[in-house]
Participant: 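Below are the structure tokens for one structure; questions will follow.
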Amino acid sequence: MSRPYDFKKIEDKWRDFWKEQKFFEPDLKSTGKKLYYLNMFPYPSGEMHVGHGRNWLIGDATCRYLIMNGFTVLNPMGFDAFGLPAENAAIDRGIHPKEWTYKNIENFKKQFREWGVVFDWRRELATCDPGYYKWNQWLFIQFYKRELAYRKASLVNWCPGCDTVLANEQVVDGACERCQSEVTKKDLTQWFFKITDYAQELLDDLDKLQHWPERVKIMQRNWIGRSEGALLRFKVEGASEEIEVFTTRPDTLYGATFMVLAPEHPLVERVTTADRKKDVGTYVKKAQSESDIKRQITDRDKTGEFLGAYIINPANGEKIPIWIADYVLLGYGTGAIMAVPAHDQRDFEFARKFDLPVVPVIQPEGEALDGATMAEAYPHDGVMINSGEFNGLPAGPETINKMVDSFEKEGYGKSEVNYRLRDWLISRQRYWGTPIPMVHCAKCGIVPVPEEDLPVLLPDVEFLGKKGLAEIPDFYETDCPKCGSPARRDTDTMDTFVDSSWYFMRYLSQDDDQKIFDSSQVNSWLPVDQYVGGIEHAILHLLYARFVTKAMRDMKLVKFDEPFIRLFTQGMITHVAFRCKEHGWIPPQDVKEKNLCPHDGQPLIQELAKMSKSKKNTIAPTKIIEEYGTDTERLYTLFMGPPEREIEWNDEGIRGGFRFLNRLWTIVQKYKDRLKNVTPAKIDGEKLNKRDKQLWHVMNEKTYAITKDFKKFHFNTSVAAVMEFNNELYDYSAACDAESHELNAPLLKQAIEQLILLVSPITPFIAEELWREIGHENAVLEESWPGYDESALERDEKTIVIQVNGKLRAQLLVPANIATDKAELEKRALQQVESRLEGKTVRKVIVVPGKLVNFVVG
RNA sequence: GCGAGAGUGGCGGAAUUGGCAGACGCGCUAGAUUUAGGAUCUAGUGUCGCAAGGCGUGUGGGUUCGAGUCCCUCCUCUCGCACCA
């Protein structure tokens, strides 16, 4: 009996099936081929859109494919549940962040179910659960004991919008990554993780990550920013102070004609002479009040002030002036530079502006540079001049080494490696995060909370507004764990990137309340075989996770150096967004008249942006699922384009996906009864007639192509191949209907079954239903992934392209054995194009066996 | 400025050890069927041309029998970094 494709009924029927059958709940002790597949866990915020869907569908389709290939697949899911947005959203809505978060988690789980995306839910975790953050605290204490966690006062990034400190990584173009407020500086005492201890290893091990996208590695390399050079010490004239500078060009020391300190440099105050104090003070103040955004504009005029003091160039004893300027950054190197205007463009511009001397110390062979008339710095190679005993040496690494050795002997320099990477600031002054498990005691100083007293619970207070732990006395009033006298808890919470830097290990022991995780199990399943997530985490999350993994290795918790073997970064889905100057962001579906605001008819600003709630340009999967079904939404999302590429959402093509599923459904309905009792038989391609053989070829070719594409995440082309396979079945069916061909039942049965299995990871609902329709009682996931017959990949007849002077002129269909016979091919090809060659001389004939014949004529 | 990636029909995109450009899908055109069509089926659909044929993968050049693919030049776009000493 033929049935219509009632996707709603079908999808409701199977929605809980895979979970109930525990296909995604592997036995961790399994001895078979095992594979840890992991999607970056989500931040549970309201509703997921089709862009999120892409991420989960890549994972779900891959895991279903892997299961059918006999892997024991671990594919867990959890929630990155702490963080500012929860708090801000909670403030807006007047409910507790906890309530809001758990409601969202429930909603996410509902959406996963709707999508047919299945995980090992036994391992679910949420970072805001005390059972999780207890181990965050435990880890913090271990870091503290190993001096990987420390507290220091520093000038930190402060976001006035979020009322908290930010890590360097969270400041983008001088603005808060989250709320876009302009970031200011504050002098605060904060907790840091000593990621710089691992800078070199984090850099070196990037080379081990052969299956990571090159661009992610490049970004990390730039972020770590290693540079080699020297540390040089200068004495302030007439004072005891010394100032150190870092330079990558110690060979230009003789050309240093002034020194520049960052305005915030601690020695500025002490070094400045009395008569310069006023001007310098004004400049420092101005520099501090200026935002990083302004200071980072590279092409603006150089500004600065002379401190009135001088410093001695240790190489030649010359007295050179000390300046401050905002082009020198406190955070890099020592916050001070030796300025060599002849060979550094920035110093050159500064020298010209303030009329400071320019002394070349390297010049191109056979050319004399004149510091007084140079138009720009000379940053290239050449011969050393004006450099005392080093004159005449070729500028380059060898001379640098020689000079640094000499400086070291003289006692004012040494070679040095400097990193741009700075320690990870993890303190946050908000409520919804992991409390830092430390107690401040007047007598004992900083004392860690004893491990048996963990977790330090977040106080369960009514959540009224922006409120940090520092405003909750019930929380911070405590006794010192060491001496028992009244003390104060640390009121900072941890950056949520701490939570996400090791969650992939906790999945293995998510309910263990005795230890952070079972090391032997973690060592047997990790590193993660395949990690998938957005490119936006290229630096932050991935660098922190790598660091924490290395620290854990040194703590003997794990045995591996890197957490993620393979990384795949999927592209975001973008959608048009409209903004009205008056009315803010306007949902695209409300914009009826092109580019005009529906409220006041004013022209709108249009942009293509990543789907986000704030820009009101999200597309909910719900509507599509209601109208066309989950399978269509899944298929279309994966069909739209290559998953690593960013893509603009456009639902005009969605009908094509729906049409295909209807065609698949219809053809199976047509033959299911006829094929039910056909006994499967091994198909021998050689014995097939021509039409059957064509189907046999296509079946095997498509199976081969789809399998190859799945391995490379090329779902768009595997969907195309599945469609082609289906189209071939229609052709075959039409041939049978026309009575020109007798149906080969065992062959057709195999083809239909194979097609269903091949499409099943992408559209699991219809596949499961059709599988039963054609008479099977087991689940698709219990079946093996279809194999292909190697011999079917070669056709008996080959199309040979015939070219004249490289242009296609004819085609030739020849048996395979002829296709490889060069002489015969040439003979046959010549017959085809003889008339064209008349009166022309054939100079050369190129014959590529199995492919083409090209006549070169003149 | 530096680094990475991309540029192919009306649209999303296929094709990479150099060998039929435009698979698959959308859209469009025509026809069939239908009371109807945002349904289904069939055929067509890069472009110019009645045709033969010409032209076509951002630009210009090169290598080659043959280039979307390799090399050089330039242009445009996207992303990352950016006064890092």
Side-chain angles (χ1 to χ4, degrees), chain A residues 172-173 213-223 225-227 229-230 245-250 252 256 260 262 295-300 302 325-329 331-340 343-347 349-350 418-421 535-536 538-539 571-572 574 608 627 635-636 639-642 644-660 662-663 666 705 714 716-727 730 734 799-811 842-848 850-857:
Chain A
V172 178
D173 291 333
E214 202 53 41
R215 75 172 170 143
V216 172
K217 290 194 275 183
I218 289 169
M219 281 191 230
Q220 293 214 353
R221 240 174 239 131
N222 290 341
W223 190 261
R226 178 192 156 103
S227 54
V245 302
F246 173 75
T247 176
T248 53
R249 296 297 305 273
T252 62
V260 188
R295 280 185 64 172
Q296 278 170 5
I297 297 170
T298 50
D299 55 358
R300 65 193 192 131
K302 294 278 179 291
D326 64 5
Y327 79 92
V328 174
L329 309 172
Y332 186 78
T334 62
I337 61 157
M338 62 176 207
V340 185
H343 305 291
D344 182 287
Q345 188 57 27
R346 295 155 298 176
D347 298 343
E349 285 163 20
F350 195 84
N418 194 54
Y419 300 91
R420 210 185 71 120
L421 179 71
I535 186 73
E536 66 272 22
I539 300 174
M572 294 178 298
T574 60
L608 197 61
E627 203 171 337
L635 181 99
Y636 182 62
F639 182 55
M640 281 177 82
E644 69 278 9
R645 206 133 86 202
E646 187 175 293
I647 195 159
E648 186 185 352
W649 181 265
N650 170 354
D651 40 35
E652 270 170 21
I654 205 152
R655 297 204 60 84
F658 185 60
R659 212 171 277 161
F660 159 70
N662 272 290
R663 278 164 64 81
T666 307
H714 291 179
N716 54 329
T717 46
S718 58
V719 171
V722 164
M723 287 172 166
E724 284 165 325
F725 189 0
N726 191 44
N727 290 344
Y730 269 74
T799 307
I800 304 296
V801 171
I802 304 170
Q803 298 180 330
V804 177
N805 284 344
K807 289 209 160 96
L808 177 71
R809 288 301 176 223
Q811 291 187 348
V842 176
R843 293 180 194 280
K844 200 172 173 186
V845 183
I846 314 274
V847 182
V848 182
K851 279 193 175 150
L852 64 78
V853 181
N854 186 12
F855 295 96
V856 184
V857 301

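Throughout, a chain's letter reflects where its sequence line sits, starting with A, and its residues are numbered from 1. Note that the coordinates shown come from a computational prediction; the quantities given were computed from them, not determined experimentally.
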Participant: How far apart are the C-alpha atoms of A/W649 and A/Y636, what are their side-chain angles, what is the distance that settles it, and do they pass the ring pair (Phe, Tyr, Trp, His ring centres under 6.0 Å) test?
Facilitator: CA-CA 11 Å; A/W649 181 265; A/Y636 182 62; 5.7 Å; yes
Participant: Closest to the A/K807 side chain: B/rG80, B/rC55, B/rA85?
Facilitator: B/rC55
Participant: What form does the base of B/rG37 take, syn (within 90° of 0) or anti?
Facilitator: anti
Participant: With nearest nucleotide decided by heavy atoms, which residue, A/D347 or A/E214, maps closer to the 5′ end of RNA chain B?
Facilitator: A/E214
Participant: In the structure shown, which nucleotide is the Watson-Crick or G-U wobble counterpart of B/rA30, with both distances under 3.5 Å?
Facilitator: B/rU42
Participant: Would you say the side chain of A/K302 and the base of B/rC83 hold a donor-acceptor pair, judged only by whether the two atoms sit under 3.5 Å apart?
Facilitator: yes
Participant: What is the nucleic acid contact for A/R420, judged by heavy atoms within less than 4.0 Å: base, sugar-phosphate only, or nothing?
Facilitator: base
Participant: So, for A/M338 and A/P250, which heavy atoms are closest and what is the spacing to 0.1 Å?
Facilitator: CE-CA, 4.5 Å
Participant: Whole angstroms only, please: what is the CD1-P distance between A/I218 and B/rG80?
Facilitator: 14 Å
Participant: Given that both distances must come in under 3.5 Å, which nucleotide forms a Watson-Crick or G-U wobble pair with B/rA21?
Facilitator: none
Participant: How about A/M219 and A/I535: do any of their side-chain heavy atoms sit closer than 4.5 Å?
Facilitator: yes
Participant: Can you find a heavy atom in the side chain of A/V853 that is under 4.5 Å from one in the side chain of A/V845?
Facilitator: yes
Participant: Starting the side chain at C-beta, find the nucleotide from B/rC24, B/rG38, B/rG19 nearest to A/E627.
Facilitator: B/rG38
Participant: Any strand is fair game: report the nucleotide pairing with B/rU76 by Watson-Crick or G-U wobble, both distances under 3.5 Å, or none.
Facilitator: B/rA6
Participant: Identify which nucleotide among B/rC83, B/rG19, B/rA85 has an atom closest to any side-chain atom of A/D326, counting heavy atoms from C-beta outward.
Facilitator: B/rC83
Participant: Which value, in whole Å, describes the distance between the P atoms of nucleotides B/rU42 and B/rC26?
Facilitator: 12 Å
Participant: Using the P atoms only, state how far B/rC55 lies from B/rG31, rounded to an integer number of Å.
Facilitator: 35 Å
Participant: Using atom names, set out every protein N or O paired with an N or O of nucleotides 11-15 of chain B below 3.5 Å, distance rounded to 0.1 Å.
Facilitator:
residue, atom, partner, partner atom, Å
B/rG12, O2', A/M640, O, 2.7
B/rA14, OP1, A/N716, ND2, 3.0

Participant: Tell me which nucleotide among B/rC24, B/rC83, B/rG19 gets nearest to the side chain of A/Y327.
Facilitator: B/rC83
Participant: Starting from P on B/rC24, measure out to CD1 on A/I654 and report it in whole angstrom.
Facilitator: 21 Å
Participant: Look at the rings of A/F350 and A/Y327 and say which category their plane angle falls in: under 30° parallel, 30 to 60° tilted, over 60° perpendicular.
Facilitator: tilted
Participant: Is any side-chain N or O of A/N222 under 3.5 Å from a base N or O of B/rC81, one able to act as donor and the other as acceptor?
Facilitator: no
Participant: Please determine, for B/rA67, whether a Watson-Crick or G-U wobble partner exists with both distances under 3.5 Å, and give it or none.
Facilitator: none
Participant: Just checking A/Q345: base, sugar-phosphate only, or nothing, at a heavy-atom cut-off of under 4.0 Å?
Facilitator: nothing
Participant: In terms of side-chain heavy atoms of A/R659, which of B/rC65, B/rG27, B/rA85 is nearest?
Facilitator: B/rG27
Participant: I want to verify a distance call: between B/rC26, B/rG19, B/rC24, whose nearest atom is closest to the A/E652 side chain?
Facilitator: B/rC26
Participant: On the nucleotide B/rC41, are OP1 or OP2 found under 4.0 Å from the side-chain N or O atoms that A/R663 carries?
Facilitator: yes
Participant: Look at A/N727 and B/rG25 and indicate whether a side-chain polar atom (N or O) is within less than 4.0 Å of OP1 or OP2.
Facilitator: yes
Participant: Which is true for A/R226 with a 4.0 Å heavy-atom rule: it touches a base, it touches only sugar-phosphate, or it touches nothing?
Facilitator: nothing
Participant: Using a cut-off of 6.0 Å, state whether more than 12 heavy atoms not belonging to A/R226 lie near its atom CZ.
Facilitator: yes
Participant: First locate atom CD1 of A/I800, then atom NZ of A/K851, and finally report the distance between them rounded to the nearest 0.5 Å.
Facilitator: 10.0 Å
Participant: Whether A/R221 contacts B/rC2 is assessed here as follows: a side-chain N or O lying under 4.0 Å from the phosphate OP1 or OP2. Is that the case?
Facilitator: no
Participant: Using a 3.5 Å distance criterion without hydrogens, assess whether the side chain of A/N805 forms a donor-acceptor pair with backbone atoms of A/V857.
Facilitator: yes
Participant: Go through the side-chain N and O atoms of A/N727 and A/R663 and say whether any donor and acceptor fall under 3.5 Å apart.
Facilitator: yes
Participant: Roughly how far apart, to the nearest Å, are B/rG60 and B/rA67 at atom C1'?
Facilitator: 15 Å
Participant: Using heavy atoms to find the nearest nucleotide of RNA chain B for A/M219 and A/N805 separately, return the residue whose nucleotide is more 5′.
Facilitator: A/N805
Participant: Does A/Q811 get its side chain close enough to the base of B/rC20, under 3.5 Å, for a donor-acceptor pair?
Facilitator: yes
Participant: Which listed nucleotide (B/rA85, B/rA39, B/rC83) is nearest to the side chain of A/I337?
Facilitator: B/rA85
